Structures are given as structure tokens and as C-alpha cells.
Amino acid sequence: MEALRIYTEKPYHLQGEVTISGAKNAVLPAIAASLLTAEKVQLTNVPMVKDVQTMLTLMKKLGAEYDLNDKTLNIQVKVVRSPEAPYKLVRAMRASILVLGPLLARKGKAIVALPGGCAIGSRPVDLHISGLQKLGAEISIEHGYIIAEARRLKGAEIEFEKKTVTGTENLVMAACLARGETVLKNCALEPEVSDLCQLLVKMGAVIDGIGEETIRIKGVKELGPAEHQIIPDRIEAGTFLVASALTAGNLILRGVEPAHLEAIINKLLISGAKIEKLDRNSLRIIGGEEIKPQDIVTAPYPGFPTDMQAQFMVLMTQANGTSIITETIFDRRFAHANELIRLGANIEIQGDKAIIKGKTPLSGAEVMATDLRASACLVLAGLVASGQTTINDIEHLDRGYEKIEEKLRALGVKIERLENNNNNNLGVKK
Ligand code: UD1
């Protein structure tokens, strides 16, 4: 297992420019969408992160041929060789569930392992399943696998009981090749859902209501080739914005989509940071000398993203006063709080609320990352914790952040990647 170590000899003030990568949560459904056609799909601005590798491993198993060079992915599934997404891959990455809809629509059959438990609480896929059933699929659960079959899916009206990002994506993809019209109500509004729809339209899908709660899809017989640029990663951008706010830094972020960052920017402005739009895709953030406390409630887009909750918790530990974070999307998504407490934070968890009393000095220690965004939170904590902070199990971080240590190093952070030889004897990776 690898680790990251951050050395904080004196307080950092992050300075410089950072280029934000393509969105992990947009590229994964886009790759799955390539299952809907026998033609080639080209994706650019692909983030070079572990989840993309995992998705490509799965796609190869299903029959895809691809090459990935310099953030450009060419992928083609001439024939679907296997309809099965094995447990090993689904367990490594829940988003593997995104092949369920496309496989069923293209091949008439999908066998996808149930994702099961996850470090951030129970994450069921019942809405994916019931939606596909409404499109006419026969679905059974056997031996931990979802087994779905349908000769050709049939359009239907489906209202999601709850907003679900990958659930909306799975249903939109399946409906593209269904017979007749599908109306999806209470769809997730996340920009990654819209990005997928834009790609599908380029492939020949007929979709109305992109970016709205009601999406109408007129099924077509087949889809064709397309080229598409993946949108910027708003969570990576948010993480660097917090890094600057936290360290009274002065950062320029390039390659961002400011409109997708509104909820995050509003909270950072309240915290005392100054943010200015430099051009269409660039922002400058200057962190304030004093960080103000505030309350945050996570919500589906355009609300405050649950994927930024852990990073804001670090910021709150450095705010003068009490802040309350309410997590409404996932239960048990506060594992990072215990690690922050080990660094000296004053945090109390009460059900879905975290009460953070600041400002507390943090001191470096060895900590363990439990999920992707929790890892990002611990990296941020390392920037303000005095001395050395060693973040273990960073494979979670590598799932979603491209070259994070290189990007931080360029902003003045002393950080290195270590190889953990499992007896706590951490040696520097060559
Ligand atoms: C996606 C994101 C993830 C983000 C999350 C919420 C990807 C690859 N991942 O995950 O980074 O944290 O959105 O913004 O895009 N639910 C059900 N039944 C279902 C599906 C979901 O009850 O069938 C519930 C979940 O338990 C959760 C809520 O709906 O409480 C939202 O989950 P969902 O939007 O589906 O999350 P993901 O798509 O898995």
C-alpha cells in the first residue's frame, strides 16, 4: 500500500497555477456509453486516474478495444463478447454498475455484480433495477449478481423516487435504444449527467430536456460514432479551491467550468476567500487571513455536493467558531472526522451532523484514508498540520485525483509518495 507524506515546517501559502483534469464522474458513464454502438467513440480530456483504468479493464472484458494516449481515449465495442461485470471489478469501483443499462440495451442481457457495502454507507441500486424493469427487462438477483434480460427494451414513463446520478445515467443510456419514448422524471441535475446526454446526442440519440428534471428520450435503432470532450472535474477544482482558502493561498485554476462550481464558490466566499473569474475557464482564489465558520447541508446538484463535504470539514477546523455540516446524501460518510480528531480537530458527530469547533491547531500524524474524498480531506489537513502527516492507503485518492502530489508540489508543497512495506517501515518510493 502506498502512502503520501506532507512536510509542514511553517504554514503554507499555496501559490501558483493548477490545471484541473477532466471529470472522473463524467468520463466513467461516457466510457460505458461506448457499449451502445459498434462504432468508435473518441473522448478527450480524459483524467488519468485509477477508476478510468478499472473501467477500461471491465470494458475490455466485455469486448472493447481501446487506446488511451495523452488524455485521448479511442474506444470501440464491435461486438459485446461477454455481458458480465464480475464482482472483483464492481467491488473496486461501484460505478461499474454503469454498464448495466447499456449492456442490456445493446446485447439484451447483462450480468452485473451487486456493489454491496461501501465505506460511505449503504448505497443501494434498487432504483436502477426498478427503472430497467419498467423498460421491460426481466431482472433477478442470483448469487450476488443482477441478471437482466430483455429482447428489446420498451419506452416507459419512470419517476425516480429519489435523485440518483448513476441511476439517471443508466436509464438514459438504456432508453436510447428502447422502442418508443421514455420519459424520466425527477432526474439528477448533476453536470455529469448532462455531459453524458451531450455525448449520446452526438452518437445519434434523441434526447430532450438535457439538464432538466424531466428528460424525454425517443429510442432509435442504433447509435453511431462520436467525438466528445469531457467536462472539467468540479470536485478536483473544489478541492484546490479549499486548499487555497485553507492556507491563505493565491491560486489560479485553469480548465474549470465556473458555472458548475457555484455552490462551492458561494461557501468559500462566506468563509472569507476572494474569488475572481479571470476568463471563461479560469478562476483566481485568494484565501482570507481569517476563516469564518458556517453551516453546510449537502444536497443534490445544484446544492452543495456531498463529494466536497470532507474537504470543507478541514476548512471548518480552521475557522474561528462553530460550524455544522449536515450530510443528507449518504449515511456513515463521516469516517474522516475520526482521523481529523487524531490530528487535533474538535469534531462531534451527532447522527447526520458533524459539529466542528474551531480554530484548533492540527499536528501531523499517521492517518488512514477510508474513501476517495476522505483521502482528499486528509491531504488538505496535512497542509495545515504542523510537522509530518502521512496518509496511508492512498489507492482511494489515486482512484479520482490525477497526479495530486505533482500538482501540490508545483504550488510549493513538500510532499512525497511512499511505498508502504506493511510493517510501518515506510520507505521513499524510487
Ligand atoms: C454519484 C457519484 C458520487 C457522488 C454521488 C452523489 C459517480 C460515478 N458517482 O454516485 O461521486 O457522491 O453521485 O452525488 O457519478 N440511492 C438509492 N437507490 C438507488 C440509487 C441511489 O436509494 O438505486 C440513494 C443513495 O443511497 C444515496 C442517493 O440515492 O442516498 C444518491 O446516490 P446516487 O446519486 O445514486 O450516487 P451514485 O450515482 O452512486
Side-chain angles (χ1 to χ4, degrees), residues 22-33 47 49-52 54-55 58 89-101 112 114-134 139 141 146 148 158-174 184 186-197 213 230-231 233-236 238-239 260 263-264 297-312 326-334 336 352 371-377 396-397 399-401:
K24 169 185 89 71
N25 285 354
V27 77
L28 298 176
I31 294 174
V49 294
K50 187 75 200 307
D51 272 6
V52 167
T54 307
M55 195 65 174
L58 171 58
L89 291 171
V90 180
R91 196 184 53 181
M93 187 186 70
R94 272 192 105 260
S96 308
I97 192 78
L98 285 164
V99 300
L100 177 62
V112 179
L114 274 171
C118 168
I120 57 172
S122 62
R123 294 176 77 173
V125 288
D126 56 312
L127 302 174
H128 301 235
I129 293 174
S130 63
L132 291 170
Q133 281 170 330
K134 287 187 187 128
I139 301 187
I141 309 283
I146 304 165
I158 298 161
E159 177 156 1
F160 292 102
E161 245 168 66
K162 199 172 182 183
K163 285 210 163 70
T164 159
V165 177
T166 50
T168 303
E169 292 166 346
N170 242 333
L171 268 285
V172 168
M173 288 190 280
L184 299 176
N186 197 25
C187 291
L189 300 175
E190 270 71 1
E192 294 76 17
V193 176
S194 302
D195 199 43
L196 169 68
C197 292
E213 280 186 350
I230 299 296
I231 52 168
D233 197 310
R234 61 198 167 95
I235 306 301
E236 189 200 14
T239 303
H260 297 168
I264 298 168
V297 181
T298 63
Y301 192 87
F304 184 88
T306 173
D307 285 352
M308 282 302 299
Q309 179 256 103
Q311 298 90 317
F312 265 74
T326 308
E327 172 58 62
T328 71
I329 308 289
F330 294 115
D331 50 346
R332 303 204 303 275
R333 202 180 195 178
F334 284 136
H336 44 280
D352 62 354
D371 72 60
L372 173 55
R373 305 305 168 187
S375 325
C377 137
H396 297 291
L397 194 68
R399 284 187 42 207
Y401 287 86

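Computed from a predicted structure; not experimentally measured. Note that ligands are numbered from 1 as they come in the structure, with each ligand's atoms numbered from 1 the same way.
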Show which atoms of ligand 1 fall inside a sub-4.0 Å distance from at least one heavy-atom site of [X].
X	answer
Asp307	3 (C), 4 (C), 11 (O), 12 (O)
Ile329	27 (C), 30 (O), 31 (C)
Thr306	6 (C), 12 (O), 14 (O)
Val125	19 (C), 23 (O)
Arg94	39 (O)

Return yes or no for this condition: an N or O of [X] is under 3.5 Å from an N or O of ligand 1.
X	value
Asn25	yes
Val165	yes
Leu127	yes

For [atom], which candidate among [options] holds the nearest heavy atom?
atom	options	result
atom 38 (O) of ligand 1	Thr168, Asn170, Thr166	Thr166
atom 31 (C) of ligand 1	Glu190, Arg333, Lys163	Lys163
atom 21 (C) of ligand 1	Gly167, Pro29, Pro305, Pro124	Pro124

Taking every non-hydrogen atom, the tightest pair across [X] and [Y]:
X	Y	value
Ile230	Ala26	CG2-CB, 3.9 Å
Met308	Ile235	SD-O, 3.6 Å
Val99	Met55	CG1-CE, 3.9 Å

Beyond-backbone contact of [X] with [Y], side-chain heavy atoms, under 4.5 angstrom:
X	Y	result
Glu169	Glu192	yes
Asn25	Asp307	yes
Glu190	Lys163	no

**Asked** His128 near ligand 1, heavy-atom distance under 4.0 Å?
**Response**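 Right, His128 reaches ligand 1.
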**Asked** What do we get for Tyr301 next to ligand 1 when only non-hydrogen atoms under 4.0 Å count, side chain, backbone, both or neither?
**Response**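 Contact part for Tyr301 vs ligand 1: neither.
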**Request:** May I ask you to say whether Asp371 pairs ionically with Arg399, meaning some side-chain N is under 4.0 Å from a carboxylate O?
**Result:**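 Answer for the salt bridge query: no.
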**Item:** Salt bridge Glu236-Lys24, side-chain N to carboxylate O under 4.0 Å
**Value:**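 No, Glu236 and Lys24 are not salt-bridged.
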**Message:** Can a donor-acceptor pair be found, under 3.5 Å and without considering hydrogens, that links the side chain of Ser375 to the backbone of His396?
**Reply:**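 No.
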